[in-house]
Amino acid sequence: MAESKKRSSRLLDFAIAFALVYAIVQLVMYQFFPANKEGAPTGVQLQASNVRLGAGGVIVTIKNDTDQTFTLPSRCPQLPFDVFTVSGDTGNSTTTPVSASGTAIPCADIPVVEPIAPGDSAKVDLNPWKYSAFSKTGIYEIRLPEGSMLGDAEMTNGSGSAIMARFSVNEPNMFIKLFRSLITKPFLNFLILTASVIPGHNLGLGIIILTLIVKLLLFIPTQHALEGQKKMQLLQPKLEAVKKQYKDNPEQMQKETMRLWKEHGVNPLQSCLPILVQFPVLIGLFYVIRDGSNLALSKDLIYPVYQHLDWNFSTNFLGLDLTQPHMWIFPPLLVVLQFLQMWLSFKIADKKKAKQIEKAEAATGMELQQKVMLYALPLMIGYFALQFPSAVSLYWGISTLFAIGQQIIVNREHIKA
């Protein structure tokens, strides 16, 4: 019965830790990808996302909750919707029409929205108009344009104006500006430099080269972190002994634990560094892929020397479109690779000490952390791979393969604790 309760407690701890990690990741993602949705409750609905100035274009979702097919007229180079700036207080606001001077890319390269069947939805990317219509901060309002069709009937101007959504273009905060200056812009311009000498300007090959260079630059600090992680694992039997000896004296237990950490040069947070370092890189690369696959839409990120390029990245790599997720290839592959990396990082070479840890009476915070990282992180990486462009998954896969090789090197070192 005691063993059953202990196992249930560990499962509960694991579930709580997993939920906490997931919540933190979602919070970070929300900071980088804010969204706001509002629209009519029935009929044809519009939903629009907030953006930060200089980021990707506004994404508008059209949802057809009627029993007829909805058709949005194609009127490029004009905006696909009637767009207005909004000024004044809520309830007493005024709107001013926005006149776009053109698109950043030819109309022929902008996908036409197909008729939307009853119950379906479609997304309209306003990125081609980011410089001509949404170059200033403020609140914007979009409305269905004249000529929108519901079945065989044209929606009247009054009906169309009632179907609207509002969103804001916000000034990026200092953290976002710093992030773009130190990560997003250098990554994009390095990819441009690399692709300029690669046959066909292939984005996949450029990402592989970028990944290897980033990993080599981080090799030494990552190596120190991995060695510290191994020391922590080897020190675990002594920590268990302290826990058992002072189980009725938490204050003394903490003092003895701190003494052991200091004596053996161990930092319990050091093992998280290799993972945490990669998240800013991953997010930066996401922006590069999202906004950089068509360089005409990324002029604000490109250094002056590359402002007048006459080519774009080739996004086809081994038969895959790197701008789209591929659910049956990268997600399961990343789950396996990430699990293998985590398993190697928690593997203790000294079998005698490993057996001592297995016989410990209770799971420690270190063991719980290992379980969360071993099982939760690979699943989360696979989940994100389902949503992100395959180019981001390619970066993560190459990075993980490099990390596996580096972990094998550390595991073979004779480190003592």
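Proximity of a side-chain donor or acceptor of Trp129 to a complementary backbone N or O of Pro80 within less than 3.5 Å is not detected. Remark: side-chain polar atoms of Lys63 are not paired, donor with acceptor, to backbone N or O of Val44 under 3.5 angstrom. In this structure, the side chain of Asn189 engages the main chain of Leu301 through a donor-acceptor pair within 3.5 Å. Under a 3.5 Å cut-off, the side chain of Asn64 and the backbone N or O of Gln68 do form a donor-acceptor pair. Using modelled atom types, no side-chain atom of His326 and backbone atom of Leu386 make a donor-acceptor pair closer than 3.5 Å. Using modelled atom types, one side-chain atom of Thr103 and one backbone atom of Ile105 make a donor-acceptor pair closer than 3.5 Å. No donor-acceptor pair closer than 3.5 Å links the side chain of Gln47 to the backbone N or O of Ala165. Between the Ser49 side chain and the Ile59 main chain, a donor and an acceptor come within less than 3.5 Å of each other. Between the Ser390 side chain and the Gln324 main chain, a donor and an acceptor come within less than 3.5 Å of each other. The main-chain N or O of Tyr395 is never found under 3.5 Å from a side-chain atom of Ser399 such that the two would form a donor-acceptor pair.
In this structure, Phe330 CZ and Phe388 CZ are separated by 14.5 Å, a value rounded to the nearest 0.5 Å. Note that CZ of Phe81 and OG of Ser148 are 8.0 Å apart. Values are rounded to the nearest 0.5 Å. Residue Leu210 holds its CG atom at 7.0 Å from OG1 of Thr194, rounded to the nearest 0.5 Å. Within the model, atoms CG of Leu46 and CZ of Arg143 stand 11.5 Å from one another, a figure rounded to the nearest 0.5 Å. A distance of 10.0 Å separates CD in Gln407 from CG in Leu340, rounded to the nearest 0.5 Å. The CZ atom of Phe187 lies 8.0 Å from the OG1 atom of Thr184; values are rounded to the nearest 0.5 Å.
Of the residues Leu188, Leu295, Ile192, the one that meets the side chain to side chain contact (heavy atoms under 4.5 Å, CB included) test with Tyr306 is Ile192.
Annotation for Thr69 and Pro115: closest pair CG2-CB, 3.6 Å, computed over non-hydrogen atoms. When all heavy atoms of Thr137 and Asn170 are compared, the closest pair comes out as CG2-C, 3.9 Å. Nearest heavy atom pair, residue Asn50 against residue Ser168, reads OD1-N, 2.9 Å. In terms of heavy atoms, Ser132 sits closest to Gly102 at OG-O, 2.6 Å. Closest non-hydrogen pair, Leu297 versus Pro128, comes out as CD2-CA, 3.8 Å. Nearest heavy atoms, Ala133 versus Leu79: CB-CD1, 3.9 Å.
Between Lys123 and Val60 there is no side-chain heavy-atom pair separated by less than 4.5 Å. With a 4.5 Å cut-off on side-chain heavy atoms, Phe384 and Trp396 do not count as touching. Proximity of Val86 to Arg166: side-chain heavy atoms (C-beta onward) are separated by under 4.5 Å at one or more points. For the pair Tyr131/Asp300, a side-chain contact is recorded, criterion being any heavy-atom separation below 4.5 Å from C-beta on. Between Asp65 and Gln45, some side-chain heavy-atom pair lies under the 4.5 Å cut-off. In this structure, the side chains of Val335 and Ile381 stay at 4.5 Å or more apart for every pair of heavy atoms. With a 4.5 Å cut-off on side-chain heavy atoms, Val392 and Pro325 do not count as touching.
By the neighbour-count criterion of 12 heavy atoms within 6.0 Å, atom CD of Gln387 is densely surrounded, having more than that number from other residues, nucleotides or ligands. Enclosure of atom CD1 in Ile220 is not indicated, since only 12 or fewer non-hydrogen atoms of other residues, nucleotides or ligands lie within 6.0 angstrom. Surrounding CD of Glu251 are at most 12 heavy atoms belonging to other residues, nucleotides or ligands under 6.0 Å away.
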- Query: Please walk me through it: do Leu377 and Met342 pass side chain to side chain contact (heavy atoms under 4.5 Å, CB included)?
  - Reply: CA-CA 9 Å; Leu377 184 62; Met342 292 293 98; 4.0 Å; yes
- Message: Working note: Met149 + Phe70, criterion side chain to side chain contact (heavy atoms under 4.5 Å, CB included); need CA distance, chi angles, decisive distance, verdict.
- Response: CA-CA 6 Å; Met149 302 289 293; Phe70 173 80; over 6 Å; no
- Please report the C-alpha distance between Val51 and Phe134 in whole Å, then the side-chain angles of each, then the deciding distance to 0.1 Å, and finally whether the side chain to side chain contact (heavy atoms under 4.5 Å, CB included) criterion is met. CA-CA 10 Å; Val51 296; Phe134 307 110; over 6 Å; no
- Task: Begin with the C-alpha distance, continue with both residues' side-chain angles, and end with the deciding distance and a verdict on side chain to side chain contact (heavy atoms under 4.5 Å, CB included) for Lys177 and Arg52.
- Result: CA-CA 10 Å; Lys177 290 180 179 179; Arg52 292 187 176 94; over 6 Å; no
- For Glu171 and Lys136, run salt bridge (charged side-chain N to carboxylate O under 4.0 Å, His left out): C-alpha distance rounded to whole Å, both residues' side-chain angles, the deciding distance at 0.1 Å, then the answer. CA-CA 9 Å; Glu171 183 72 25; Lys136 297 180 180 179; over 6 Å; no
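Salt bridge present: Arg75 and Asp82 bring a charged side-chain N and a carboxylate O closer than 4.0 Å.
Under the 30°/60° scheme for interplanar angles, the aromatic rings of Tyr140 and Phe167 are found to lie parallel. Note on ring orientation: taking the six-membered ring where Trp is involved, the planes of Trp311 and Phe313 are perpendicular (angle over 60°, cut-offs 30° and 60°).
There is a side-chain donor-acceptor pair under 3.5 Å between Thr94 and Ser87. Using a 3.5 Å distance cut-off with no hydrogens or angles, the side chains of Gln338 and Gln341 do pair a donor with an acceptor. For the residue pair Asn316/Ser314, the side-chain donor-acceptor check at 3.5 Å is not satisfied.
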